[in-house]
Amino acid sequence: YLVAGVILPASLVYTKYHQLKSKLNSIDDSLDGHKKRVERVKEDVKAWNKLDPDSRKPMRTNRDGNASHSVRTTSKEAAHQVRLHDLSAILGVDEKKMTIRIEPGVTVGQITKYLTSRGYQLEATLEMEDATLGGLVMATGMTTHSHICGLTNDTVVSFDLVTSYGDDIHVTTDNEHSDLFRALPWSHGTLGFLVGLELKISAAPEYVKMKYTPLYSQQAYNSRYLQVLNSETPPFFLEMIIFSKDLAVLMEGDLVSTKDYNSEIAKNTELKTNKAGAASAEWFFKYVEKVLDRDSPLIEYIPIYDYLMRHDRSMCMTMGTVIPFGNSGWFRHTMGWMTPPNMVMLKSLRRPEDRETSIRKQVWQDAAFPAETLTETVQKSHDLFEIYPLLCYPCKVYDNGGMIRIRDENGNKVPYDGKKRSKMFLNLGIYGIPKDIREGKEFKTVHAVREWEKHIRDVGGFQHTYCDSFQTEEEFEEMFDHSLWYKMRERYDCDGAFKSIYEKTRPEVDVWKWLKEEETW
């Protein structure tokens, strides 16, 4: 009730204040304005180079450490901060190339509103409005179209980077920086400062035609998901929510124009249009759960923006731990318009004991794994945590010789020979409180997450780096191949200028002391 009565209103004021501040200090989105901001970044980096090498600190952006999409709270006091906070302009669409040029601070919500109003969408649109595109491409992002387009960083056409020397370089797959192009995804700003992006876009008709299929056994949802995923003509959007070990709903979505939508509605007046993004609408995953009460699939339409942001108000199925009554009718109709709370504000208010709780009493994990290991991976999640619902996305994973490597049939990494390889993966989102903790029992959360991480390594998968990772550096580099990254660190003289990926993605608290404590239980 404290969150609903105090923090939500305060969060709304905080958000509106910053929106007004942005309007009053509007960013020059012309190419000249962009060039001036890039020149400022170059000047800051060159100034760092003139400092005493023995005393200067590694460089980081001056963006608020609480503004990242990760679960961590980042302090930048020990870093030399470079001014990139206002690189958040949309620089224009190229309709012939079907690309859009942006600065890294552009958010998913900002670019989705811009594109859908023009009949387009990003090839990979994450469902969280406040996530920035720079963060997604330098870490990772996955969507329900990823079985076709790959991860968010697979949709990048070019990167614009400021190096550790203060030079600006244009990075593509076929210029002198092609090796760097392969190394930048997952690099977390450890190879230079990202100042510009060109991303692929696709057409976005006004509606998505959705088919929800209830499935009542693990064998049924496993086989049906893989059947649809591997079909010759898979749906444009594909997603599954697993509500228990034996219950799931598979969702297939295809793009529909207003003309075809009107025609279908005229033919069948029983077809429903679900405004999933309305302030009073049920959280999407709770709405989907009701499909399990049916004995046949449900077909309906969702406006394109509502579909793309369908998980935003429930904070991707995690809002229930913040506001347990948040999906109740009275709350949605009276206060739903204030959700979701501003994450920057929530993280800034988090006390040390709250951070400990988020690690030791809850689980926030996203991990991808080869599609054929779905059954054993769901079983592992069930045995370790018994948390439901689980969000299950498909993803085509590309091996470009960078951080993510595809293994052969013997489980070995294949040496990169310049050929682009791909393999179908699935991704499991586990968000909530483990069963033992819900029942008041003692539970070794850190040990359990480490066992989960080992399973993901063993099957050749990967963990999303916005999550808390409890891996050692050796384990982390087993999961993520750093070979190319080390070469690029040396080639572009990054050591000392930027922290390592491991350093930037570790929890900001000492989890090892909790691991030792759990060993005494």
Side-chain angles (χ1 to χ4, degrees), residues 70-74 218 241-246 315-322 324 346-347 350-370 373-392 426-480 501-521:
S70 77
V71 297
R72 299 176 291 277
T73 299
T74 304
Q218 191 175 44
I241 300 179
I242 303 170
F243 290 97
S244 75
K245 186 178 175 182
D246 296 309
M315 296 197 304
C316 211
M317 310 196 311
T318 66
M319 183 69 86
T321 62
V322 180
L346 281 183
K347 287 173 72 173
R350 189 165 59 183
R351 301 166 299 174
E353 54 265 37
D354 298 328
R355 183 66 175 112
E356 180 177 352
T357 295
S358 74
I359 289 177
R360 307 191 72 184
K361 301 295 184 183
Q362 300 168 349
V363 173
W364 309 107
Q365 291 293 320
D366 259 302
F369 47 89
T373 65
L374 173 60
T375 298
E376 64 183 280
T377 300
V378 171
Q379 185 65 51
K380 174 61 75 171
S381 170
H382 179 87
D383 292 344
L384 288 172
F385 310 116
E386 204 163 337
I387 291 173
Y388 294 97
L390 304 172
L391 195 59
C392 192
L426 294 174
N427 190 87
L428 213 59
I430 310 170
Y431 323 116
I433 302 172
K435 181 184 178 183
D436 281 358
I437 294 176
R438 297 196 305 268
E439 294 178 349
K441 301 175 183 176
E442 208 167 53
F443 183 70
K444 298 180 179 181
T445 309
V446 178
H447 277 80
V449 171
R450 280 186 50 76
E451 188 174 341
W452 168 251
E453 292 168 337
K454 182 180 184 303
H455 169 77
I456 297 302
R457 290 195 305 273
D458 288 346
V459 299
F462 56 85
Q463 181 184 43
H464 290 232
T465 47
Y466 84 87
C467 304
D468 278 324
S469 174
F470 306 145
Q471 299 180 91
T472 65
E473 191 164 8
E474 182 180 2
E475 290 166 343
F476 186 72
E477 293 195 13
E478 179 187 342
M479 180 178 285
F480 297 102
I501 301 171
Y502 186 77
E503 288 173 318
K504 292 190 73 172
T505 58
R506 296 310 88 211
E508 75 282 10
V509 292
D510 184 5
V511 298
W512 305 111
K513 69 176 182 181
W514 295 329
L515 184 72
K516 290 179 181 178
E517 182 184 320
E518 289 179 359
E519 289 171 352
T520 65
W521 295 355

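The chain is numbered in sequence order, starting from 1. Model, not experiment: these values are computed from the prediction.
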- Query: Is any side-chain heavy atom of Ser70 closer than 4.5 Å to a side-chain heavy atom of Thr465?
  - Reply: no

- Message: A side-chain contact here means heavy atoms from C-beta on lying under 4.5 Å apart; do Trp512 and Thr472 qualify?
- Response: yes

- Compare every heavy atom of Ile430 with every heavy atom of Ser381, then report the nearest pair and how far apart it is. OG-CD1, 3.5 Å

- Around Glu474, counting heavy atoms of other residues, nucleotides and ligands shown, do more than 12 lie under 6.0 Å from its CD? no

- Would His455 and Thr377 satisfy side chain to side chain contact (heavy atoms under 4.5 Å, CB included), going step by step from the backbone distance to the final call? CA-CA 8 Å; His455 169 77; Thr377 300; 3.0 Å; yes

- Task: Using a cut-off of 6.0 Å, state whether more than 12 heavy atoms not belonging to Lys444 lie near its atom NZ.
- Result: yes

- How long is the gap from OG1 on Thr318 to OH on Tyr431, to the nearest 0.5 Å? 8.5 Å

- Item | Aromatic plane relationship, Phe476 with Phe480 - under 30° parallel, 30 to 60° tilted, over 60° perpendicular | tilted

- For the residue pair Trp452 and Phe385, does the interplanar ring angle fall in the parallel (under 30°), tilted (30 to 60°) or perpendicular (over 60°) class? perpendicular

- Item | Reported NE2-to-CG distance for the pair His447 and Leu515, which is rounded to 0.5 angstrom | 4.5 Å

- Task: Hey, could you give me the OG1/CD distance between Thr445 and Gln362, rounded to the nearest 0.5 Å?
- Result: 9.5 Å

- Query: Is the closest side-chain heavy-atom distance between Val449 and Cys467 below 4.5 Å?
  - Reply: no

- Could you grab the distance from atom CZ of Arg506 to atom CD1 of Ile501, nearest 0.5 Å is fine? 10.0 Å

- Note on the structure: So NZ of Lys245 and CG of Leu390: to nearest 0.5 Å the spacing works out to 12.5 Å

- Item | Check: Leu428 and Leu391 side chains under 4.5 Å, non-hydrogen atoms | no

- Task: Measure across Ser469 and Pro507 and return the closest heavy-atom pair with its distance rounded to 0.1 Å.
- Result: O-CD, 3.4 Å

- Separation between CD (Gln463) and CG (Asp366), nearest 0.5 Å, reads 9.5 Å

- Query: Any side-chain heavy atom of Glu386 within less than 4.5 Å of one from Glu439?
  - Reply: no

- Query: Can we say Glu451 and Lys380 salt-bridge, meaning some charged N sits less than 4.0 Å from an Asp/Glu carboxylate O?
  - Reply: yes

- Message: Would Arg438 and Ile387 count as a side chain to side chain contact (heavy atoms under 4.5 Å, CB included) here? Give the steps.
- Response: CA-CA 10 Å; Arg438 297 196 305 268; Ile387 291 173; 4.3 Å; yes

- Query: If you take all heavy atoms of Arg72 and Asp468, which pair is closest and at what distance?
  - Reply: CG-OD1, 3.9 Å

- Query: What is the minimum heavy-atom distance between Asp510 and Lys513, and which atoms define it?
  - Reply: O-CG, 3.2 Å

- Side chain proximity check, Trp514 to Glu356, heavy atoms < 4.5 angstrom: yes

- Item | Beyond-backbone contact of Val509 with Ile359, side-chain heavy atoms, under 4.5 angstrom | yes

- Side-chain contact test, heavy atoms from C-beta onward, threshold under 4.5 Å: evaluate it for Asp436 versus Glu442 and give yes or no. no

- Message: Show the nearest heavy-atom pair for residues Gln218 and Asp246, with the distance to one decimal.
- Response: N-OD1, 3.6 Å

- Go through the steps for Thr73 and Arg355 under the test side chain to side chain donor-acceptor pair (under 3.5 Å), then give the verdict. CA-CA 9 Å; Thr73 299; Arg355 183 66 175 112; 5.3 Å; no

- Task: Could you tell me whether Arg450 and Glu518 have a side-chain N and a carboxylate O separated by less than 4.0 Å?
- Result: no

- Query: Where do Lys454 and Gln471 land on the side chain to side chain donor-acceptor pair (under 3.5 Å) test, with the steps shown first?
  - Reply: CA-CA 9 Å; Lys454 182 180 184 303; Gln471 299 180 91; over 6 Å; no

- Contact summary for Ala448 and Phe443, nearest pair of heavy atoms: CB-CZ, 3.6 Å

